[in-house]
Structures are given as C-alpha cells and as structure tokens.
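All values reported here derive from a predicted model rather than from experimental measurement.
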Number of protein chains: 2
Amino acid sequence: MAMKALTKPTIYQVAQLAGVSIATVSRALRDSELVTEQTRERVRAAARQLRFTPSGSARSLAEGRHAANGIVFPDLVGPYYAEVILGYEAAAAATGSSVLILATHGRRDPAAAVRDLAGRVDGLTVLGRTVGDDVIGQIAASGVPVVLLARDPVPGVDSLRAANASTARALAAHLAGHGHRDVTFLGDPEGSPDVAGRFAGLRAGLARQAGTELHLVRPRGLDLQAGEEAARALLRGRRPDAVVCANDEVALGVLLAAEAAGLRVPGDLAVTGWDDLLAARFAGLTTVRQPMRELGAAAARWLHRRITETKRNEPARAARRRILATEVVVRRTCGPHEEVQQQ
Amino acid sequence: MAMKALTKPTIYQVAQLAGVSIATVSRALRDSELVTEQTRERVRAAARQLRFTPSGSARSLAEGRHAANGIVFPDLVGPYYAEVILGYEAAAAATGSSVLILATHGRRDPAAAVRDLAGRVDGLTVLGRTVGDDVIGQIAASGVPVVLLARDPVPGVDSLRAANASTARALAAHLAGHGHRDVTFLGDPEGSPDVAGRFAGLRAGLARQAGTELHLVRPRGLDLQAGEEAARALLRGRRPDAVVCANDEVALGVLLAAEAAGLRVPGDLAVTGWDDLLAARFAGLTTVRQPMRELGAAAARWLHRRITETKRNEPARAARRRILATEVVVRRTCGPHEEVQQQ
DNA sequence: TTGAAAGCGTTACCAG
DNA sequence: CTGGTAACGCTTTCAA
C-alpha cells in the first residue's frame with residue numbers, strides 16, 4: 001500500500017515523478033492555459049499519487065500576498081461576536097480570503113499578538129476594546145489595511161458600527177411613554193464604546209422628558225452573572241422604575257434576580273436589554289436588534305477594497321465611516337401594553 | 001513627519017538603517033542571546049522607526065512550520081460552534097498557534113477549501129458533517145495531523161465527541177418516567193453523526209420501556225424555523241405525548257408552534273432539546289448540556305501533541321478516541337414535577 | 001558577537 | 001507549450 005509520508009512532498013517530487021519541470025507543475029496545478037491537456041493530466045496524477053498539497057507559506061511569499069485576513073475580537077462569549085465573525089467569514093470567502101481569528105481576552109500581551117497577526121495577513125479587522133489607538137495607528141501606517149468595527153474611530157482608518165445613541169434615545173422615549181421616571185442604566189460606559197454610546201443616548205433621550213432621573217450602575221462585566229449580581233445589590237436599595245441594561249445578557253441576569261426577589265416584571269420593574277439574542281425572545285425581553293452578520297460582512301468587504309487598492313498602489317481614498325441602523329424590539333418587559341405586541 | 005509606507009519594510013531595510021546584517025536583525029528581534037544589548041537596542045529602534053513587521057509567510061517558510069492550525073465547521077449559527085471555537089482558540093493560543101477558521105456551509109467546493117487550508121496550517125480540526133472520509137484520509141495521509149470533532153471516526157485519525165447515545169437513553173427513561181408513551185423524534189439522523197447518536201440512544205432507551213412507541217420526523221434543518229414548521233405539521237395530525245428534538249433551536253421552534261396552536265407545555269405536550277443554550281433556560285426547556293468549550297480546547301491540545309510528535313519524527317501512536325460526558329438538564333417542558341426543579 | 005550565504009517551496013519572467 | 005532560474009523575506013548554519 002501507500003508508503004508512509006515521512007516528509008511532506010514538494011513540487012520537486014511531483015515534477016520528477018511526472019517527468020516535467022517544477023514550472024510546469026505549478027502551471028498545471030493552477031489550471032494555466034499554457035499546458036497541454038496531456039501534461040496536465042500527467043502532473044495531476046503525480047500530485048494525487050504523492051498527495052501533494054502546495055505549501056501555503058511558500059506560495060504566499062512568492063505571490064506577495066497572504067490570501068488571508070484577520071479579525072480581532074475581545075472574546076467570543078455570547079452570540080454577538082459569533083454572528084459578526086460568521087458574516088465576516090462568508091464575505092471573506094467570497095473574496096478568496098481565509099480568516100485568522102484572534103481573541104484578545106485571556107492574553108498576556110494583546111498588542112504583541114495583534115502585531116504578529118498583522119504580519120500574517122493582507123488586512124485586519126479590529127473589534128471593540130481589544131487594543132489601543134497606538135497599535136491600530138502603527139499597523140495601519142505600516143501598510144496593512146485596517147477596518148475598525150464597533151470601536152471608536154482612529155484618524156485615517158475606516159470604521160463601521162451599529163447605531164447606539166440614536167436608538168437609545170428612542171428607547172428612552174419609549175420608556176418615558178410607559179411612565180417610567182426613575183431609570184437606572186446598568187453598564188460601564190468606560191468599558192466599551194458601544195456601551196458609552198448607549199448610555200449617552202439614553203441620557204440625552206431622558207433629558208427631553210420632564211421629571212425623569214437617570215442613575216448609573218456599573219456591573220462587574222457584561223454577562224448573565226454580572227447582571228444578576230448587580231441587580232441583587234440594586235434591588236436591595238431604592239428600587240428604580242426601569243433598568244436599562246448594556247446588553248441582553250446583563251438584562252437576563254436582572255430578570256433572574258428580580259424573580260428571585262419576588263418582583264414582577266414589568267409590573268414592579270421594567271427591564272430592557274440590547275442585542276436581541278435568541279434568549280431575549282423567550283424571556284419576553286424588550287431590546288434592540290443589531291445587524292450583526294451584516295456588520296461582519298461589511299467589514300470584510302471594506303477590507304477587501306482597501307487591500308486591492310493598496311496593492312494596485314492607487315491613491316488611497318479618505319477613511320470611510322458608516323453606522324448601520326438598529327431598531328427597538330418591543331416585548332413584554334418594558335411595561336404593560338394595551339394591545340398584544342408580537343414580534 | 002513619517003513618510004508614506006509605499007512598500008512594506010523588510011528585514012533588509014532595518015539592517016541597513018541599523019548598520020548591521022540581516023542575520024543580526026533577525027537575532028536581535030527574536031531576543032537571541034547572541035547580540036549585544038547595544039546592538040539590540042539599535043536594531044529595535046530601527047525596526048520601530050520603519051514600523052517593521054516580519055512577514056509571516058517568509059518566517060513560516062524558513063522555520064518549516066506555520067504556527068497556525070485550522071478548524072473546519074459547517075456553519076456558525078447558534079452558540080454551539082462559537083463556544084467550541086472559543087475553547088479551541090484559547091487552547092491553541094496557549095501553544096503559540098494562530099487559528100484559521102473555515103465554514104463550509106455556503107461553499108461551492110468544501111473539499112477544495114479544506115485541502116487548501118491544509119496547506120496553510122500545521123494541523124487541522126474537522127467538525128461534523130463538513131467533508132467526507134476520503135478528504136480526511138488524504139489530508140491525514142499527506143502528513144497533516146487531523147483531529148475529528150463530533151464526527152464519525154476515520155481509521156487512524158484521533159476523534160473526540162460528546163456523549164449522545166448514553167444520555168439520550170437516560171432522557172428516554174426520564175420521559176417514560178413521566179408517563180409519556182408516544183414519542184416523536186424531530187431531527188434527521190442522516191444529517192449529522194450527533195443527531196444519529198441521539199436518535200439511536202432514544203430508540204434504545206424507549207425499547208426498554210413497555211408500551212412505548214417512537215416516531216421519526218425530519219425537519220427541514222436544525223434552526224428555529226425548521227422546528228416551528230415541522231411542529232405545525234406534526235400537531236395537525238395525531239399528537240404525540242412528547243417531542244424529543246435534535247437540538248435546542250428546533251425545540252424552541254416547537255414551543256412557539258405549540259403556543260400558537262393553543263397547546264400547553266408540558267400539559268398537552270412534552271418537549272425536550274439538546275445543547276442547553278441560554279435561551280433554553282429562559283424557555284424552561286428540558287435539554288442536555290454539552291461541554292462545548294472543553295471539546296474545542298481538548299481538540300486543540302490533541303492536535304498540538306500530534307504536531308510536535310510528527311515534527312520530531314517520533315513513532316506515531318495509535319489514534320485516540322474520547323467521548324466527553326453530557327448530562328440531562330431537567331426543567332419544565334418534559335412534564336410536571338412534584339417539586340420545583342431549579343437550575 | 002557578527003556576517004555571509006545557503007536554503008525553505010512556490011510563482012513568474014524570460015528564453016527556447 | 002515547456003524549462004531554467006531569479007526572486008519572495010526570513011532563519012540558521014558555518015566561519016571569522
């Protein structure tokens with residue numbers, strides 16, 4: 001049977017077996033027009049027999065491109081980033097690019113990891129609070145195109161995000177319409193640009209509503225447990241009319257804590273989230289829906305444009321910015337509605 | 001100010017600027033002992049000034065390794081794969097490896113994409129129903145270590161999965177204990193090895209229970225909508241006592257359809273899922289919990305072992321198999337319980 | 001401690 | 001149409 005593959009076969013072995021030059025092998029395997037059907041077949045047979053797979057690094061080096069791009073995100077907990085990455089991967093695949101992922105969360109030195117990644121790709125998408133502006137700036141200046149996603153802009157770098165402030169204002173108006181006056185925001189504006197935008201929008205929206213007040217409480221994180229803990233503490237003190245949470249997971253934690261405390265939602269306490277996770281629907285949680293997959297896809301497409309225009313040495317166009325629309329999804333937890341609102 | 005980076009700087013420019021040879025640059029930048037502190041600083045300064053980032057492909061080619069491994073999965077919908085990938089990325093990072101992801105779902109030619117990927121990595125993890133045994137076999141035989149995850153084993157290849165059949169048997173016993181006799185399984189055993197295992201286990205479990213019957217209905221897919229559609233059709237006919245679903249999303253769809261049909265769960269119909277998504281908790285869905293993150297991490301670690309032992313040309317050990325334990329999570333939808341069961 | 005030079009496995013140009 | 005042969009940018013002996 002087949003002998004053991006002690007060492008990976010190279011183009012040379014294929015050439016030898018097929019009785020042609022390596023140049024011909026390269027051409028035949030990449031469907032160049034410049035080969036006889038006959039030679040092509042012979043080469044293919046040899047390649048198959050040897051189980052030859054071209055070395056990606058050698059190819060990249062010779063072609064002067066990596067045929068890959070990277071995406072950097074803080075973590076992968078919760079469906080949010082997963083959806084973004086899925087959209088990203090699909091769009092990147094359409095442009096013939098592989099995707100390298102990098103989670104900065106548990107890293108010793110995120111900046112170093114991102115710099116290293118920058119050397120392995122044709123372009124990079126960076127999400128949220130992963131590395132500082134300085135790192136972004138250096139990478140962009142070193143000639144690697146960068147797209148920012150859900151992150152504060154950096155001069156000269158494309159950036160893409162979902163609407164936060166405007167929708168948060170709409171949410172504020174909706175809550176005020178329910179008669180909620182004493183509102184607490186559960187989230188850390190310093191923790192992420194998205195959260196900052198949501199808080200700012202909420203504040204602006206409530207400022208237009210007479211007699212409302214807004215308090216800020218920072219949970220330990222953005223997960224279920226952080227929400228639960230924060231709510232437990234919060235509900236022991238003066239209880240607000242409504243808790244607006246930085247994301248759905250925190251809001252779901254609040255729901256759990258409220259239930260444990262014997263409070264009715266929305267009767268005793270209104271709660272809202274952000275993201276519209278699947279769980280939000282089953283919890284009846286009023287929230288905000290974001291086009292996550294589209295966000296990822298758009299980033300991949302922008303990056304591809306930058307990469308091709310850089311390669312062609314075209315005059316670099318000015319940095320682009322775009323904000324994708326989001327929408328309030330009204331369900332049960334924001335307050336009693338006359339008519340049944342179904343989503 | 002800094003001039004435009006028309007072309008990416010190479011080690012040669014750094015060497016020239018620092019007034020040393022490229023060998024010294026290479027050593028200095030990689031913290032070799034063989035450089036004076038003084039030279040090292042000079043080189044570093046030059047590299048910084050030029051914003052030099054070593055080319056990943058050149059480095060890989062020279063080192064004879066990619067310092068990257070790949071993970072292939074069908075899709076990324078639902079939190080399942082995201083969790084697996086997160087665990088994988090974290091473990092891979094710990095071994096100094098980058099991660100290349102590849103979703104086969106919308107691809108024209110998954111096999112070709114996976115073969116290409118195999119040329120860009122030191123090892124590969126393949127999940128579920130993405131490519132056939134033949135492709136797996138070729139890749140493994142070509143000298144690229146492979147680990148299979150949630151997939152039927154291939155001779156000579158390590159494989160890792162979460163328990164399906166045994167836990168499904170336990171689930172069957174639990175349902176029978178509730179008095180459910182007429183059970184329908186909602187899922188396509190041919191669609192994935194996991195689903196096949198769950199169905200087989202359920203069948204085996206019910207076979208031990210006198211007077212039970214099991215029916216099989218194949219939904220269009222594994223998402224919410226598929227479950228909803230399938231349930232709508234199912235509930236129009238002879239209604240079963242219990243519907244065991246291939247995964248949580250399908251089960252949640254069934255819940256929606258049951259509600260729309262005015263049925264009480266679990267009073268009129270018991271429902272179970274599989275995966276223990278966050279949404280399952282809020283829907284009160286009885287389901288099965290899988291150690292998803294651990295699954296991914298274990299795959300990355302196994303792969304790393306294979307890679308190092310292959311590189312050292314050690315005698316390849318026999319293929320390993322492991323099945324990680326899963327557990328039934330009893331909630332509301334499987335039937336009435338005397339005592340409140342909290343999770 | 002440093003430099004020169006030989007690869008690493010492809011692609012692509014230039015002759016024939 | 002095919003073969004020879006420079007690149008590609010880095011790491012790593014081998015000498016000095």
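- In this structure, CZ of R65(B) is placed 16 Å from P of dG9(C), rounded to the nearest angstrom.
- Partners of A46(A) according to the side-chain contact (heavy atoms from CB on, under 4.5 Å) rule, which considers only residues two or more places apart in sequence or in another chain, are V14(A), L17(A), A18(A).
- Distance E33(A) CD to dC1(D) P: 9 Å, rounded to the nearest Å.
- Identified under the salt bridge (Lys or Arg N to Asp or Glu O under 4.0 Å) test for residues 115-135 of chain B, with sequence neighbours left out: D133(B)-R151(B).
- T24(B) has a side-chain polar atom (N or O) that falls below the 4.0 Å cut-off from OP1 or OP2 of dG3(C).
- The side-chain contact (heavy atoms from CB on, under 4.5 Å) search around I323(A) returns R161(A), A163(A), not counting sequence neighbours.
- R48(B) is linked by a side-chain contact (heavy atoms from CB on, under 4.5 Å) to E41(B), R44(B), A45(B), counting only residues two or more places apart in sequence or in another chain.
- Contact check, T39(B) against dT1(C): no side-chain N or O comes under 4.0 Å of OP1 or OP2.
- Side chains of S57(A) and S60(A): a donor-acceptor N/O pair is absent below 3.5 angstrom, by distance only.
- The CG atom of L34(B) sits 11 Å away from the C1' atom of dT12(D) (whole-angstrom rounding).
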Nucleotide-resolved protein contact map, nucleotides 10-16 of chain C, B/S/- at heavy-atom distance under 4.0 Å: BBBB---

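- Atom P of nucleotide dG9(C) and atom CG of D116(B) are separated by 18 Å, given to the nearest angstrom.
- A salt bridge (Lys or Arg N to Asp or Glu O under 4.0 Å) check over residues 79-99 of chain A, counting only residues at least two apart or in different chains, returns the pairs E83(A)-R293(A), E89(A)-R107(B).
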